[in-house]
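For reference, the structure discussed in these notes is given below.
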Amino acid sequence: MFKLKIVEYSIGYKKIHQEFTKKNWGKEKRGDPRYLQYKHRSENPNVIKNLIIAIFEDKVIGQIGLIPTDLMFKTKKLPCYWICDLMVESEYRKKGVAIELYKYVMKRNILLMGSYPSPKAELLDRLLKFKKIVGPNIWYFPVNFNSLLKFKYQRSFKYLPNFFLRIAEKLYLFFFDIKITLFSNIKFQGWEELLEIHDKFQAEIKEPRIIHDKKFLNWRGNGLKGYSKKLKGLKRKDDSYLFFEEASDCLYVYDWKIKNQKVAKDLCSQLVSISIEYKKNRIQLTTNNIEQEKILERIGFRKFNNPITLYYYTLNPDYVMDSFHFTLYDSDGNL
């Protein structure tokens, strides 16, 4: 093994870290200390202990990130760290850099979780004795057929006339009785206004889950100026509600509880109207039980081919999980 230094990020590494992130992501935010402090929930802007970097010959060649949060396991509240942004320079792959980064965080003896692993990352997780959970399904409602086809198949369908796709969109909405509403008539609510009914719903969840309480929402729900927006909410009189956020090409729906199909159709109509206003191609969310899936399918949602793969690591034999209540902002979704 070549001489590799694994350290926690500090402001002294800003320049070489920015060179690494620009090369591998091409996005300025990935190297912005203000963004990094926010994402990794660091109180100190100059030392971000939950961003670990690998240095070789005064150059950053890899990194792994952790997002600290809390997990509810049965009746216990456990500190938990969600793995994100694992990256190794292409010329240094297959040299054990990723393993050294993983080992560094595993030495902390903390509960680790990860999602959406690449095939190579999944092999590494198994090698390091992470345990697998088959997570929930991702569902989507199609809004802009042309953009959605490009997203799904990574190519344009030039032989499909645009007017044909527009007709197909209208027929789809008509078939599922989804009515477009005036955007100006939609009443948004902040997460603070919905916190009471949200807390009641959270208390009903029996599976292990990330705790989405006021502390979590003060962080994740308020966003970061210039990078992510504050969560918006929709609510109905029966206390059905949802939180959503604009992603680059879709609306992400996070926590949600909808009590019947009629309310689901009403809220979907508003989300479609919002998607059209914001020029998004789909609405996307996760389901965690059969009842949710039945409601979504009946109003026109479609399921991704594969469920979400989750992995976790703990040295405590008491914390064995075979299921997990997962939503799209448990990890670093849309951050």
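Residues His17 and Tyr9 have side chains that never bring a donor and an acceptor to within less than 3.5 angstrom of each other. When only modelled atom types and interatomic distance are considered, Thr286 and Thr327 share no side-chain donor-acceptor pair under 3.5 Å.
For the atom pair CD1 (Ile48) and OG (Ser42), the distance works out to 5.0 Å, reported to the nearest 0.5 Å. Here the CD1-OG1 distance, from Ile133 to Thr309, works out to 10.5 Å after rounding to the nearest 0.5 Å. Distance check, rounded to the nearest 0.5 Å: OG of Ser323 to CG of Asn289 gives 11.5 Å. Atom CG of Leu71 sits about 6.0 Å away from atom CG of Leu78, to the nearest 0.5 Å. To the nearest 0.5 angstrom, Ile99 atom CD1 is 5.5 Å from Leu124 atom CG. Atom NZ of Lys303 is separated from atom CH2 of Trp139 by 5.0 Å, given to the nearest 0.5 angstrom.
For His325 against Asn288, the heavy-atom pair with the smallest separation is CA-OD1, 3.3 Å. Residues Ile258 and Ser240 come closest through the heavy atom pair CA-OG, 3.7 Å. Closest heavy-atom contact between Ser275 and Leu251: OG-CD1, 3.3 Å. Heavy-atom minimum distance, Ile53 versus Leu101: C-CD2, 4.1 Å. Across Tyr81 and Pro68, no two heavy atoms sit closer than the pair CE2-CB, 3.6 Å.
Annotation: side chain of Ile186 is in contact with side chain of Ser273 (closest heavy-atom distance under 4.5 Å). Taking 4.5 Å as the limit, some side-chain heavy atom of Leu128 sits within range of a side-chain heavy atom of Met106. Residues Thr21 and Gln63 meet the side-chain proximity criterion, which asks for heavy atoms closer than 4.5 Å. With a 4.5 Å cut-off on side-chain heavy atoms, Phe130 and Leu112 count as touching. With contacts defined as side-chain heavy-atom distances shorter than 4.5 Å, the pair Glu89/Phe56 does not qualify.
Checked for salt-bridge contact, Lys262 and Asp266 miss the test: no charged N lies under 4.0 Å from a carboxylate O. Ion pair Glu122/Arg126 flagged as a salt bridge, since at least one NZ, NE, NH1 or NH2 atom sits closer than 4.0 Å to an Asp/Glu carboxylate oxygen. Taking 4.0 Å as the cut-off between side-chain N and carboxylate O, Arg209 and Asp330 do not count as a salt-bridged pair. By the 4.0 Å N-to-carboxylate-O rule, Lys280 lies too far from Asp249 to be salt-bridged with it. Under 4.0 Å is where a charged nitrogen must lie from a carboxylate oxygen, and between Glu169 and Arg166 at least one such pair does. Using a 4.0 Å cut-off between charged nitrogen and carboxylate oxygen, Asp85 and Arg30 count as a salt-bridge pair. Taking the charged nitrogens against the carboxylate oxygens, Lys235 and Glu193 have no contact shorter than 4.0 Å, which rules out a salt bridge. Contact check on Glu8 versus Arg108 returns a salt bridge, with a Lys/Arg side-chain nitrogen under 4.0 Å from an Asp/Glu carboxylate oxygen. Between Lys59 and Glu91, at least one side-chain nitrogen of the basic residue sits less than 4.0 Å from a carboxylate oxygen of the acidic one, meeting the salt-bridge criterion. Between Glu297 and Arg302 no salt bridge is recorded (no basic side-chain N to carboxylate O distance below 4.0 Å).
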- Query: For Phe141 and Cys268, what are the C-alpha separation, side-chain angles and deciding distance, and is it a side chain to side chain contact (heavy atoms under 4.5 Å, CB included)?
  - Reply: CA-CA 9 Å; Phe141 189 96; Cys268 182; 3.8 Å; yes
- Query: Going through the checks in order, is the side chain to side chain contact (heavy atoms under 4.5 Å, CB included) test met by Ile6 and Ile52?
  - Reply: CA-CA 7 Å; Ile6 308 292; Ile52 296 90; 3.4 Å; yes
- Query: Step by step, would you call Phe216 with Tyr329 a side chain to side chain contact (heavy atoms under 4.5 Å, CB included)?
  - Reply: CA-CA 10 Å; Phe216 177 90; Tyr329 64 167; 3.7 Å; yes
- Take Gln202 and Asp213 through the test side chain to side chain donor-acceptor pair (under 3.5 Å) and record every step on the way to the result. CA-CA 8 Å; Gln202 290 282 293; Asp213 56 7; over 6 Å; no
- Item | Evaluation steps, side chain to side chain contact (heavy atoms under 4.5 Å, CB included), between Thr69 and Arg41 | CA-CA 9 Å; Thr69 186; Arg41 304 181 75 175; 4.1 Å; yes
- Check the pair Glu293, Thr287 against side chain to side chain donor-acceptor pair (under 3.5 Å), reporting the backbone distance first and the verdict last. CA-CA 6 Å; Glu293 295 196 350; Thr287 55; 3.0 Å; yes
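With Cys80 as the partner, the side-chain contact (heavy atoms from CB on, under 4.5 Å) test is satisfied by one option alone out of Leu111, Thr314, Ile110: Leu111. Partner of Tyr241 under the side-chain hydrogen bond (donor to acceptor under 3.5 Å, both in side chains) criterion, out of Gln189, Lys259, His198, Arg236: His198 alone.
Other residues, nucleotides and ligands place no more than 12 heavy atoms under 6.0 Å from the NZ atom of Lys49.
Aromatic pair Phe174/Phe176: centroids not less than 6.0 angstrom apart. Aromatic rings from Phe73 and Tyr312 are positioned such that their centres are separated by 6.0 Å or more. Proximity of the aromatic rings of Phe164 and Phe145 is defined here by a centroid distance below 6.0 angstrom, and this criterion is not met.
Hydrophobic clustering of Ile, Leu, Val, Met, Phe, Trp and Tyr side chains at less than 4.5 Å, counting indirect connections, unites Ile274 with Ile276. Val253 and Phe183 fall within the same hydrophobic cluster, defined by Ile, Leu, Val, Met, Phe, Trp and Tyr side-chain heavy atoms under 4.5 Å apart, directly or through other members. Taking hydrophobic clusters as Ile, Leu, Val, Met, Phe, Trp and Tyr residues chained together by side-chain heavy-atom distances below 4.5 Å, Ile83 does not share a cluster with Ile211. No single ILVMFWY cluster, assembled from side-chain heavy atoms under 4.5 Å apart, contains both Leu267 and Leu182. When the side chains of ILVMFWY residues are joined at heavy-atom separations under 4.5 Å, either directly or via intervening members, Leu51 and Val47 end up in two distinct hydrophobic clusters.
Relative orientation of the Phe188 and Phe244 rings is tilted, given thresholds of 30° and 60° on the angle between their planes. The aromatic rings of Phe324 and Phe326 are tilted relative to each other, their planes meeting at an angle between 30° and 60°.
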Sequence neighbours left out, cut at 3.5 Å: what donor-acceptor pairs do the side chains of residues 219-233 make with other protein atoms?
residue	atom	partner	partner atom	Å
Trp219	NE1	Tyr38	O	2.9
Arg220	NH1	Glu245	OE1	3.3
Arg220	NH2	Glu245	OE1	3.3
Arg220	NH2	Tyr254	OH	3.4
Arg220	NH2	Gly333	O	2.6
Asn222	OD1	Trp191	NE1	3.1
Asn222	ND2	Asn218	O	2.9
Tyr227	OH	Asp32	OD2	2.6
Ser228	OG	Leu224	N	3.1
Lys229	NZ	Glu246	OE1	3.3
Lys230	NZ	Glu192	OE1	3.4
Lys230	NZ	Glu192	OE2	2.7
Lys232	NZ	Glu246	OE2	3.4

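In this structure, Gln18 contributes its side chain and Gly31 its backbone to a donor-acceptor pair below 3.5 Å. In this structure, the side chain of Tyr313 does not engage the main chain of Asn109 through any donor-acceptor pair within 3.5 Å.
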